[in-house]
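In what follows, a single structure is set out as structure tokens and then discussed.
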Amino acid sequence: YYAWAKLAGCVVAVVAMRLFGRKFNFLFGLSLQGFMIFVILLSDYYKLGWLGIIAIVLFSNGYSMGLGGSWMAFLSET
């Protein structure tokens with residue numbers, strides 16, 4: 001599941017980068033990662049395993065969109 005999540009994140013990242021640009025990808029990916037960490041902690045607190053799995057998959061998508069594909073380009077622009 002994790003590999004499929006990364007693949008889906010890459011596809012979404014490429015489409016979003018063409019539509020909105022790298023900065024949007026970077027900020028949206030980081031925001032998604034932060035929110036998913038919060039959801040993972042909530043799923044652990046309330047003992048909801050299925051929610052934790054969904055949050056991990058979306059966290060991986062956020063990484064593919066944000067830090068995974070954009071950090072080198074973002075650092076070279078600043």
Side-chain angles (χ1 to χ4, degrees):
Y1 293 114
Y2 191 70
W4 287 108
K6 283 200 160 286
L7 180 66
C10 290
V11 170
V12 170
V14 168
V15 171
M17 191 176 295
R18 287 183 184 254
L19 293 174
F20 305 113
R22 282 191 305 260
K23 225 174 255 190
F24 173 82
N25 266 13
F26 192 74
L27 293 176
F28 182 76
L30 285 176
S31 300
L32 186 62
Q33 281 182 289
F35 183 66
M36 286 304 115
I37 293 247
F38 176 70
V39 174
I40 288 169
L41 292 173
L42 280 179
S43 71
D44 183 48
Y45 181 76
Y46 290 112
K47 305 294 186 229
L48 299 171
W50 60 271
L51 184 62
I53 292 171
I54 292 171
I56 289 170
V57 167
L58 289 176
F59 180 87
S60 175
N61 286 347
Y63 180 79
S64 295
M65 288 183 71
L67 290 172
S70 301
W71 71 272
M72 291 181 284
F74 189 74
L75 287 178
S76 66
E77 290 177 355
T78 56

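When hydrophobic residues (I, L, V, M, F, W, Y) are linked wherever their side-chain heavy atoms come within less than 4.5 Å, the members clustered with Leu7 are Trp4.
The hydrophobic cluster containing Phe28 does not contain Val11, counting ILVMFWY residues as joined when their side-chain heavy atoms lie under 4.5 angstrom apart, directly or transitively. Cluster membership for Phe38 and Ile53, using ILVMFWY side-chain heavy atoms within less than 4.5 angstrom, is not shared. If you chain together hydrophobic residues whose side chains sit under 4.5 Å apart, Met65 and Val57 never meet in one group.
The line from CG of Leu51 to CG of Asp44 is 11.0 Å long, rounded to the nearest 0.5 Å. The line from CG of Asn25 to CZ of Arg18 is 12.0 Å long, rounded to the nearest 0.5 Å.
Across every non-hydrogen atom of Gly52 and Ile40, the tightest pair is O-CG1, 4.4 Å. Ser64 approaches Ala13 most closely through the heavy-atom pair O-CB, 4.0 Å. Summarising the geometry of Val39 relative to Ala55, their closest heavy-atom pair is CG1-CB, 3.7 Å, with the distance given to 0.1 Å.
You'll find the side chain of Leu30 reaches within 4.5 Å of the side chain of Leu67, heavy atoms only. By the 4.5 Å heavy-atom criterion applied to side chains, Leu32 and Phe59 are not counted as neighbours. Counting heavy atoms from C-beta on, the side chains of Leu48 and Trp50 come closer than 4.5 Å. By the 4.5 Å heavy-atom criterion applied to side chains, Met36 and Ile54 are not counted as neighbours.
Of the possible donor and acceptor atoms, none in the side chain of Ser60 sits under 3.5 Å from a partner among the backbone N and O of Ile56.
Using cut-offs of 30° and 60° for the angle between ring planes, the Phe20 and Phe24 rings count as tilted.
Not a single ring pair (Phe, Tyr, Trp, His ring centres under 6.0 Å) links Phe35 to another residue, sequence neighbours left out.
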